[in-house]
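Structure, as structure tokens:
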Amino acid sequence: MELHFRLESATSNKAPSKNNASVPNEANSKTCETSPPMKKLFTSKKARLIRKQNAVLKTWRKLSLRAAATERRKRKRERKNRARSYTPAIRYCAPEIITVDDPFHRSALLIFLKGLREHYLHHPSRTLLIDFSKTSHLVAGGTLLVYAELNRLITFFSSGVKLRCTEPANERASQVLKQIGIYRICSNQSAVRPVRDDVVHWQVVQGTLVDNSLCAPAVEGFQNRLDLMMIDELLGGLGEAMTNAIQHAYDDVRQDGINYHGEKNWWMFSQAKDGRLSVVFCDLGAGIPTTLPLKRPTLWSRLMHKKPDPTDGDCICEAIIEGKTRTGLDGRGYGLGNIVDVVEHIPSGVVNVYSNRGRYDSRSRGPFDYDDSILGTLISWNVPLRVPQVRGTA
Amino acid sequence: MKINLGSEFGRYPAGRYLSDGPYSGQRFREDFLVPALKDSNEPIEIVLDEARGLKSSFLEEAFGGLVRAGYSADELTTRLTFVTRDPSLVDEIREYIQAQQKRQG
């Protein structure tokens with residue numbers, strides 16, 4: 001600073017600006033009065049000072065270049081370290097058809113879901129990449145199971161596995177994933193817009209209490225295409241399914257290797273397609289066959305008497321039949337029976353109850369067993385839209 | 001006395017116990033039915049039509065639960081009347097009351 005001052009002073013002494021000279025301000029004149037008079041420098045001294053200043057500048061420049069080089073080297077080292085520690089995402093291929101009905105595709109779906117659970121258990125630090133590229137068909141039941149499983153994993157493992165997904169090549173499948181929120185869960189900024197008529201009516205609801213006001217908009221939204229009794233029946237079935245989920249499903253441990261002690265969640269989808277309304281409800285609890293001996297010992301012992309080694313399908317069937325006949329009133333069942341009653345009097349109405357390995361289908365009115373378990377309970381109602389009123393009014 | 005289930009309690013009653021959810025049968029019984037039965041000896045008219053999705057868990061806990069709370073099936077049958085377009089609902093409620101009475105002997 002000192003050096004600059006002197007040099008500037010020397011320069012200004014030699015060639016004072018016209019303006020400064022003609023309009024001296026008060027401050028300048030005061031400075032002139034108080035500060036000692038400027039010393040006139042010899043040319044040789046001035047040159048020496050300039051040389052000195054240049055030397056300082058040169059040193060400063062050299063130092064700053066050296067610092068920049070050090071910084072560059074440091075950044076390069078960091079980049080190398082990052083590259084060394086980078087682990088690629090683990091890719092899980094979603095099945096081509098996401099369904100729980102067909103045994104082959106169901107197996108593929110359940111293997112895929114098992115993979116997701118194992119990732120959260122064994123690779124929590126790795127990114128999970130769901131590859132939907134081959135997925136072309138999403139059936140409501142299977143899709144709800146995927147949605148519920150992902151939701152449960154994210155809620156339980158709040159530490160946060162990075163979840164990503166690729167988009168399906170199939171446009172409709174991509175729109176469905178966007179509509180139901182799978183892209184949002186996977187932080188996928190897809191530009192796809194759900195516009196198809198068979199996609200925009202997909203609705204998702206979830207909860208932890210018996211509260212039909214959550215599901216009502218998904219069903220009552222079709223009140224111009226469903227008669228009042230049917231809306232009543234569907235909401236009643238949903239209410240009973242929620243009650244079962246909250247009261248029974250989570251009383252035993254789900255056999256998935258994750259010791260989940262979270263909330264008693266349920267999930268619901270509704271979808272209107274081809275003149276029919278599908279309503280699907282699921283919980284990821286222990287399943288009816290697991291909770292039946294604990295919750296309904298009398299029913300269980302009766303079943304054991306009839307069939308010493310009952311399958312999961314037998315358990316579901318027995319619980320439904322017992323519920324349907326318990327009140328002794330036509331169309332007024334109890335518990336699971338109530339859930340099936342929903343479509344009892346509706347021509348072409350279908351209800352399916354899946355729990356662990358078993359399945360009850362209202363069309364065959366019998367049990368069916370698969371090789372693998374969905375590890376939970378899934379109920380699916382399918383009713384025609386625009387049907388006449390079926391029950392008498394008072 | 002008149003109780004409108006749909007407009008006074010909730011449009012979507014479901015569930016059995018208080019812990020199940022906000023519109024459970026137990027809550028309806030404790031907050032509406034029992035006080036109404038205690039208040040006077042007049043008949044009580046319960047309007048069911050504005051409520052949606054009435055099923056067994058709610059109905060059994062609300063009305064069958066009255067027998068467990070100490071009211072006799074006879075008294076309940078005399079004092080409770082129902083307004084509904086679905087007569088099977090009334091049969092179901094009476095069935096829960098009678099079944100609970102039988103269970104208690």
Side-chain angles (χ1 to χ4, degrees), chain A residues 207-220 223 226-248 250 264 266 279 323-342 344-345 389-394, chain B residues 5-29 45-65 73 81-103:
Chain A
T208 54
L209 288 173
V210 181
D211 187 357
N212 239 339
S213 61
L214 299 172
C215 296
V219 178
E220 288 187 318
Q223 60 188 355
L226 283 171
D227 81 16
L228 198 59
M229 278 296 175
M230 207 185 290
I231 289 175
D232 242 355
E233 291 293 345
L234 282 171
L235 287 175
L238 282 167
E240 286 301 293
M242 282 179 218
T243 309
N244 277 354
I246 304 300
Q247 284 187 3
H248 309 304
Y250 293 93
K264 297 174 174 183
W266 55 259
V279 178
K324 274 160 71 73
T325 53
R326 200 159 149 195
T327 61
L329 298 166
D330 189 30
R332 283 263 160 219
Y334 200 88
L336 260 186
N338 244 328
I339 289 164
V340 174
D341 277 342
V342 169
E344 191 80 340
H345 302 284
Q389 196 164 318
V390 287
R391 287 170 61 184
T393 53
Chain B
L5 178 62
S7 61
E8 290 175 51
F9 177 69
R11 188 169 156 78
Y12 307 103
R16 186 177 280 275
Y17 305 117
L18 290 175
S19 57
D20 289 349
Y23 306 108
S24 65
Q26 187 184 355
R27 208 193 120 208
F28 181 62
R29 187 184 73 228
E45 188 180 71
I46 301 164
V47 182
L48 303 173
D49 271 347
E50 285 180 38
R52 297 271 82 87
L54 288 169
K55 285 283 181 181
S56 63
S57 302
F58 175 85
L59 296 173
E60 204 288 327
E61 191 54 41
F63 297 100
T81 57
F82 299 94
V83 178
T84 171
R85 59 179 178 275
D86 183 358
S88 73
L89 260 180
V90 184
D91 295 342
E92 188 177 353
I93 291 168
R94 299 220 186 281
E95 169 66 25
Y96 292 136
I97 292 170
Q98 293 300 336
Q100 189 55 43
Q101 185 71 66
K102 263 185 213 161
R103 244 173 267 144

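Throughout, a chain's letter reflects where its sequence line sits, starting with A, and its residues are numbered from 1.
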Original post:
Which one of B:Gly53, B:Gly21, B:Ala14 has the most heavy-atom pairs closer than 4.5 Å to chain A?
Top reply: B:Gly53

**OP:** State, to 0.1 Å, how close B:Tyr17 and B:Gln26 come at their nearest heavy-atom pair, and which atoms those are.
**Re:** CA-OE1, 3.4 Å

Original post:
Any idea how B:Phe9 and B:Phe58 line up, ring-wise: parallel (<30°), tilted (30 to 60°), or perpendicular (>60°)?
Top reply: tilted

Original post:
Given A:Glu240 and B:Ser56, is the side chain to side chain contact (heavy atoms under 4.5 Å, CB included) satisfied, shown in steps?
Top reply: CA-CA 8 Å; A:Glu240 286 301 293; B:Ser56 63; 3.1 Å; yes

**OP:** Name the member of A:Leu209, A:Leu235, A:Val210 that forms the most heavy-atom pairs with chain B at distances under 4.5 Å.
**Re:** A:Val210

Subject >> Under 4.5 Å from any heavy atom of chain A - which part of B:Arg52 >> reply: both

Subject >> Residue, of A:Val219, A:Leu234, A:Asn212, A:Ile246, that accumulates the most heavy atom pairs under 4.5 Å with chain B >> reply: A:Asn212

**OP:** Please name the pair of heavy atoms, one in B:Gly10 and one in B:Ala51, separated by the smallest distance, quoted to 0.1 Å.
**Re:** O-CB, 4.3 Å

**OP:** Determine, for B:Glu92 against B:Lys55, whether the closest basic-nitrogen to carboxylate-oxygen distance falls under 4.0 angstrom.
**Re:** no

**OP:** Please look at B:Ser19 and chain A and tell me whether the side chain, the backbone, both or neither of the residue comes under 4.5 angstrom of a heavy atom of that chain.
**Re:** backbone

